[in-house]
Every structure is written in C-alpha cells, then in structure tokens.
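Throughout, residue positions are numbered sequentially from 1 according to the sequence presented.
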Amino acid sequence: MKTPALISISIALATLSAAAAGCGITVEGDVPDVEVTQRGVVFKGVPGASLAGDQAMAKSFSQKHKKLDLADGLDSHVQTLSVSLRATDGVADLSFIHYMRVTMAADDGSETIELGVYEPAPGAVVGNEISLTTLNPIDVFAAWNTDQAKFTLEIVGTLPEHDWKGDVTAHFSGKIKYEY
C-alpha cells in the first residue's frame, strides 16, 4: 500500500521529469484495502420482541476523521469492498437477523449511499458474523471527504430482548490519479 508521502514524492518526481521533457503525464496510485472498524456498537434490546415476531430497528454511528485536503488535479475514487457485523457480547450468534441494510452518508447532509444488503438463504447457518460483499461497488469518496461519515445499519428479525454489542467493519479500496 502506498502512503500519501510516497505518492506525493512520486508525483513530484514524475512532474519534474515531465516538465523537463516538455510532455504531459499521468500518475496513478492504488490503495488496495483499507479496513475501518467501529468496535462495541451497542444495539438496544427490544422488550417483548420474542412474542412480537419480526421487528425492525436502525442503529447509526459516526466515524470521525479529518477532511482530505487534496491538491488540484487529483482524481480520487473510494469504493466499498465489503461490510461485516460481528457479535461480540450479549448474543451467541446473529441468526435472528432476517434482513440487514448498511448505508453511509457524509456529515454534510448529502444523499445516503447503500453499501450492501443481507438476506440469508433459506436454511442458511449463521454464526456470530454476517458479511456483505458489495457486488457493484460505487464511489463513496464524497462521504469520506468530510469531517465524519455516518453509517446506519437497518436490521429486521426477531430481535433480542436485551442489549447486545457488535463490531462493524468496512473494507474500502481507493485509486488516486494525477494528470499534469
């Protein structure tokens, strides 16, 4: 994985070489896999849920980070590769979840981006982790190019009556392209 400093140095050297040669250049860098995990997300229990059958709940959390300060001429793309929810406390497995949708949005109120949907196959065995692989990754750079991004999990199922915790992990890949 290339670091921002290495990419900056590469761009600077390539720019100087091209300027000396009098021709335009394009420099590209890939960031193959970045993992972002929110640990210990608390999901509130739903009293009487076992008697009520399937119910829905939504849980949101924010990932705070610095807004990216990119130079003019940089074309950046960030795509979601996968998202997972792993039970860490309060439930032994996640078999009670019959549907889950994960979305992401920038803190500036822009449109919500769907990262993935989970619906288990009939008879599927579910352990303590559910993973969603994004089949058609879309660019989520706008949501990351802010001070914080908001993630929301919409869950439907026979929800636990007591609180439980889980870790939510998202894998992203990126590409940076600079044309001079």
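- Taking 4.5 Å as the limit, every side-chain heavy atom of V46 sits out of range of all side-chain heavy atoms of E161.
- In this structure, CG on D167 lies 8.5 Å from CG on L85, to the nearest 0.5 angstrom.
- Inspection of the S60 and T152 side chains reveals an N or O donor paired with an N or O acceptor under 3.5 Å.
- Between the NZ atom of K165 and the OG1 atom of T88 there is a distance of 7.0 Å, given to the nearest 0.5 Å.
- The side-chain heavy atoms of E129 and S131, taken from C-beta on, include a pair separated by under 4.5 Å.
- With a 4.5 Å cut-off on side-chain heavy atoms, M57 and F43 count as touching.
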For residues 90-100, please give each side-chain donor-acceptor pair under 3.5 Å, one per line with the distance, not counting sequence neighbours.
residue	atom	partner	partner atom	Å
D93	OD1	S95	N	2.8
D93	OD1	S95	OG	2.5
H98	ND1	D54	OD1	3.0
H98	ND1	D54	OD2	3.1

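- Counting non-hydrogen atoms of other residues, nucleotides and ligands closer than 6.0 Å to CD of E35 gives a total above 12.
- Checked by atom type, the side-chain pair Q148/Q63 shows no donor-acceptor distance below 3.5 Å.
- Atoms CD and CG, from Q55 and L159 in turn, are 6.0 Å apart once rounded to the nearest 0.5 Å.
- Two residues are said to be in side-chain contact when any heavy atoms from C-beta on lie closer than 4.5 Å; R101 and L153 fail this criterion.
- Note: Q38 CD to T169 OG1 = 9.5 Å, rounded to the nearest 0.5 Å.
- Between F172 and V36 the shortest side-chain heavy-atom distance falls below 4.5 Å.
- Residues L132 and L115 fail the side-chain proximity criterion, which asks for heavy atoms closer than 4.5 Å.
- One finds the CD1 atom of I130 at 4.0 Å from the OH atom of Y118 (value rounded to the nearest 0.5 Å).
- The backbone N or O of R86 sits nowhere less than 3.5 Å from a side-chain atom of N128 that would complete a donor-acceptor pair.
- Expressed to the nearest 0.5 Å, how far OG of S62 lies from NZ of K150 amounts to 7.0 Å.
- Between S173 and L81, the shortest heavy-atom distance links the atoms OG-CD2, 3.8 Å.
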